[in-house]
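Below is one structure; the comments refer to it alone.
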Amino acid sequence: MTFKLIETRSLTDIQSTGKLYQHEETGAQVLRIENDDPNRAFTIGFKTPPYNDNGIAHILEHSVLNGSKKYPSKEPFVELIKGSLNTFVNAMTFSDKTIYPIASTNQQDFENLMSVYLDAVFQPKLYTDNQILQQEGWHYHLEKPEDDLIYKGVVYNEMKGATASAEQRLYFEIVKALYPNTLYAYESGGLPSAIPSLTQEEFIEFHQKYYHPSQSMTVLYGDLDDDKAFSMLEEYFEGAGRDAEQVDLAIDVPFVKNANIETTYSITDGEDPTDKDYLALAWHSNVAEDILEGFALDVVMDVLFGNNQAPVKKALLEAGIAGDISADRDQIGYFSMINIVAKYTSVDKLKEFENIVMSALQKVVDEGVEKELIEAALNQIAFRQKELVISESNPRGVLYAMTAFQTWLYDFNPMDNLEFDRYLSVLREKFENGYFEELVQIYLLENDHRATISLKADPGLNDRQEQALHESLQAYKASLSEAEISELVATTQALIERQSTPDTAEDLAKIPALAKEDLTTETEEYPLEVATLSNGNQFYHAPQFTAGIDYLDILFNIEDFTADDFIWLNLLSRLLGKLPTKHYSSKELLTKIDLYTGGVGGAVQVYEQEGDNKAYFVVRGKALEEMDNHLIELMHELTLHTQFDDVEEIIKIVQRAISGFENKIDYQAHALASQRALSQVNATAKLAEIIGGIDQYRFLKDILKQLKSENAHQVVEKLVSLYRRIGNQTRLNVFYIGDEERKVHLANKIETTFADLPTEAIGAKQTYQPGIQQKEAFVTAQDVNYVGLAAVLPEAFKLSGEYHVLGKALRYDYLWNNIRVKGGAYGAMYNLRRNGSLTLASYRDPNITQTLNVYHDIPRFIEQLEINEMDLLKYMIGTMSDLNQPMSAADKGNMAFVYYHIGVDQAERKQIKEEVLATTVDKLHRLRATYQTLLQNPAIAVIGNKAQIEAVKEQFDVIHELY
């Protein structure tokens with residue numbers, strides 16, 4: 001064997017055996033994580049240090065998946081998604097590495113995925129096809145000589161969206177200030193201003209340098225065929241030789257003393273910039289091999305900043321420095337940093353911000369920290385690690401690979417980071433002897449390797465930059481000769497032709513695929529037992545093996561609450577577990593939650609079954625079985641004894657909620673847009689919009705104003721009224737996920753504990769209505785758009801298996817090719833639900849009208865759909881993959897509860913799979929009428945760039961400022 005075994009280690013924390021191999025010829029290392037997990041995984045990674053902001057590593061990550069020597073079709077990656085039983089397929093660029101992970105529960109499928117990915121990274125087509133860089137990175141786009149010249153490219157538009165985020169801008173400035181003249185001072189994803197400098201020559205040279213087998217690190221995980229996996233690696237390693245120049249990322253830390261950076265970010269033109277600045281303090285903390293210190297500093301940050309009662313965060317909030325405070329230790333690569341960020345503030349408060357932080361830190365050192373707080377933080381880390389070990393929803397093999405890279409990338413042992421228990425054991429001992437205070441002193445108070453950042457809000461900055469870019473491009477175009485303009489047009493049209501030309505059947509046939517015989521309609525049952533409590537309501541039990549963790553929901557029926565009530569309920573759910581109670585201060589309550597449980601809090605849930613709604617206000621918790629008394633007592637305390645008279649604390653929580661929503665605008669605006677559109681045509685979706693969409697965001701902003709005014713008492717009175725109305729024995733139901741033998745014990749314990757709830761009659765069940773159907777646009781300070789569309793069938797609808805198959809074709813042929821490949825957006829989303837509702841959305845999209853036209857042309861695509869038997873089989877396989885994704889025990893239990901409430905049983909799920917396998921092209925064509933009906937009069941919601949929205953304003957009934 002050409003792979004030499006270097007080390008074997010028992011990895012008891014993750015119930016595995018680790019074996020580290022080295023390929024004798026190339027020196028490439030392979031980590032084999034052996035266990036009986038059928039969700040086997042493969043991850044190959046490379047050190048990819050950027051040398052400027054052109055995004056070369058990120059664009060290369062996209063581009064290697066655009067065809068290779070063995071698999072020359074334009075996008076084997078997409079073909080894999082269509083026709084694989086994968087449980088995970090992706091590629092990811094970080095600050096100094098790029099990884100390519102896949103996972104599958106089917107051995108043959110796993111080998112197929114591994115084969116395509118290996119050929120992609122080692123033998124990509126990009127060497128001979130410069131149109132790949134044009135499509136995925138950037139190109140001058142000029143379809144006709146008279147058109148305006150623009151930049152276009154998938155990564156270019158992705159990063160226009162990413163860098164519009166204030167948090168992203170701030171993070172970039174922090175890292176650049178702490179680590180100047182290092183690879184971490186560059187934006188590895190690429191800055192839109194620098195991406196167009198990237199050349200084809202640089203592109204090829206970067207791949208040659210960093211994608212050699214000698215530079216690779218591979219993780220093989222789970223119950224797989226070792227001989228086959230290693231022989232597949234050998235195919236690409238053999239004969240490659242050893243790269244003489246090894247990339248060393250364990251670089252010296254460049255000391256920077258008290259750097260001070262002042263810069264700006266964009267808000268919408270005309271928006272009031274008052275209290276919309278950001279402030280940050282950041283320190284260099286540790287390097288990758290300091291694993292113990294890393295865990296220790298995570299505990300430090302949790303104790304100092306983990307909630308509003310944590311000492312430093314509390315000091316800042318009480319001083320009124322900012323509306324929201326966040327803090328973290330981030331491993332950005334070889335280096336880790338600690339950063340404290342103040343949001344909703346003014347740059348004028350920088351000195352005061354700094355003084356309060358340092359004063360509060362000194363007070364912590366002088367007075368010491370309660371051991372219970374440290375123990376609570378350690379408990380939370382241990383609980384999260386325990387849950388990860390039993391998780392199936394996210395492939396463990398991929399998560400463990402990413403953990404291994406945190407040391408391995410810098411030439412330290414990849415298994416060190418997979419043994420978290422021994423570090424936690426050491427920390428429990430060290431924290432007894434003043435270790436915590438010593439860490440604060442060394443890493444924060446006495447650490448001069450730090451930076452302060454001021455990020456000032458600048459209304460219309462993005463618009464001015466976009467206008468300057470537009471003028472620059474048109475000036476460049478004006479400087480060109482007719483021949484040069486003709487060449488640009490020809491290049492653009494050639495790219496469009498490539499994007500529009502289907503792959504040959506011969507090339508597609510080279511991509512390995514499963515056979516129809518590999519598919520099964522076997523359907524796992526998600527059992528849910530329903531018993532009756534003494535109050536006449538339900539005790540739901542999902543029997544699952546949860547490795548000693550109880551998952552418990554106390555469900556209060558709220559079907560008699562009005563839609564106006566629902567907009568308050570989400571706020572109420574956020575307050576539970578964060579405000580003081582009758583028996584505990586906020587600090588005591590939060591400490592007990594962290595010390596004894598994996599979390600306790602509130603939520604609002606709504607289910608739709610045949611046009612009817614079932615709604616609950618939920619008090620949710622989880623804990624180790626031996627802590628069930630603490631868990632139930634705490635849930636009871638939240639339900640019956642929460643106090644709402646601390647207005648200042650409510651203000652902080654509301655501000656935090658607003659901040660969280662604004663992060664959604666930066667990273668999940670596609671989901672917000674499609675939900676907003678759907679809320680106009682579906683009553684249940686309107687409730688969801690009220691609870692967590694734009695309606696809720698506007699409500700929270702209004703509530704914040706009221707809380708800061710003389711009307712604060714009215715807000716409190718409303719919250720108390722709803723809270724008391726919910727805490728009613730007549731409403732109470734229970735849902736438990738866990739061991740069969742514990743359900744009677746828990747049911748009795750809950751009934752006894754909650755026996756003191758008042759018993760009052762419930763009002764009449766409410767009927768809810770959708771919103772006003774209209775075409776809406778919401779202006780943000782972004783340079784890209786998120787285009788949402790929704791519609792609902794007017795009559796009864798059955799979501800049969802062929803709709804799922806067609807959905808695969810729509811996602812990965814029609815929408816992918818027209819919105820991402822040709823349109824330059826980062827992505828497009830599609831969902832047809834069981835209730836007959838359709839949602840479509842684009843992500844980081846340079847277009848609006850073009851994307852809407854793509855949506856409206858779906859019926860024509862279906863009508864003209866021509867696919868052979870192999871293509872149809874791929875869609876079937878990909879569909880079955882979606883229907884058979886592995887889930888954790890907790891997720892299976894929750895899915896059982898959802899299925900019960902929306903009226904789905906195992907027979908229906910099995911029938912859908914049978915219909916998938918019985919799909920024909922004729923059956924797909926017959927679905928055209930459904931989409932024709934859906935798209936006759938859809939609702940539209942667009943979130944995006946002001947100038948682009950204004951340019952097509954006649955398409956909208958109303959245009960809002962979102963912020």
Ignoring hydrogens and angles, write down the donor-acceptor pairs under 3.5 Å from the side chains of residues 334-343, residues two or more places apart or on other chains.
from, atom 1, to, atom 2, distance (Å)
Tyr334, OH, Glu289, OE1, 3.2
Tyr334, OH, Glu289, OE2, 3.2
Ser336, OG, Arg329, NH1, 3.1
Asn339, ND2, Asp330, OD2, 2.9
Lys343, NZ, Glu167, OE2, 3.0
Lys343, NZ, Ser659, OG, 2.9

Salt bridge (Lys or Arg N to Asp or Glu O under 4.0 Å) evaluation trace for Glu372 with Lys592: CA-CA 9 Å; Glu372 193 175 54; Lys592 284 190 174 295; 5.1 Å; no
Residue Asn181 excluded, over 12 heavy atoms near CG under 6.0 Å: no
Is any side-chain heavy atom of Val347 closer than 4.5 Å to a side-chain heavy atom of Leu455? no
Charged N to carboxylate O below 4.0 Å: is that the case for Asp666 and Arg169? no
When the ring planes of Trp408 and Phe405 are compared, do they come out parallel, tilted or perpendicular, using 30° and 60° as the limits? parallel
Check: Tyr596/Glu633 side-chain N/O donor and acceptor closer than 3.5 Å: no
With distance as the sole criterion, is a donor-acceptor pair present between the side chains of Asn286 and Glu293 under 3.5 Å? no
Ion pair Lys313/Glu318, N-O distance below 4.0 Å: no
His583 side chain to Glu588 side chain, donor-acceptor N/O pair below 3.5 angstrom: no
Using the side chain to side chain contact (heavy atoms under 4.5 Å, CB included) rule, take Met217 and Lys47 through it: C-alpha gap first, then chi angles, then the decisive distance, then the call. CA-CA 9 Å; Met217 290 156 283; Lys47 300 174 181 180; 4.0 Å; yes
Can Lys652 and Glu649 be counted as an ion pair, charged N to O under 4.0 angstrom? yes
Run the numbers on Asp416 and Arg9 for salt bridge (Lys or Arg N to Asp or Glu O under 4.0 Å), then give the verdict. CA-CA 10 Å; Asp416 287 349; Arg9 191 184 299 188; 2.9 Å; yes
Least distance between heavy atoms, Gly599 atom then Thr597 atom: N-OG1, 2.9 Å
Can you tell me how far OG of Ser326 sits from CZ of Arg656, rounded to the nearest 0.5 angstrom? 5.5 Å
Heavy-atom side-chain contact between Leu378 and Phe431 under 4.5 Å: yes
is_close_aromatic(Tyr443, His284), centroid dist under 6.0 Å: no
Side chains of Thr48 and Thr98: any donor to acceptor distance under 3.5 Å? yes
Please check if the side chain of Asp248 supplies one atom and the backbone of Ala250 the other of a donor-acceptor pair under 3.5 Å. yes
Check whether the side chains of Asn413 and Glu7 place a donor and an acceptor atom closer than 3.5 Å, and report yes or no. yes
With distance as the sole test, does Thr345 use its side chain to make a donor-acceptor pair with the main-chain N or O of Ile321 at under 3.5 Å? yes
Against the six-membered ring of Phe94, is Lys97 placed for a cation-pi contact (under 6.0 Å from the centre, within 45° of the normal)? yes
Look at Lys176 together with Glu187 and state whether they make a salt bridge at an N to O cut-off of under 4.0 Å. no
Counting only heavy atoms from other residues, nucleotides and ligands, does the tally under 6.0 Å from NZ of Lys701 exceed 12? yes
Counting only N and O atoms by type, is there a donor-acceptor contact under 3.5 Å from the side chain of Ser95 to the main-chain atoms of Ile332? yes
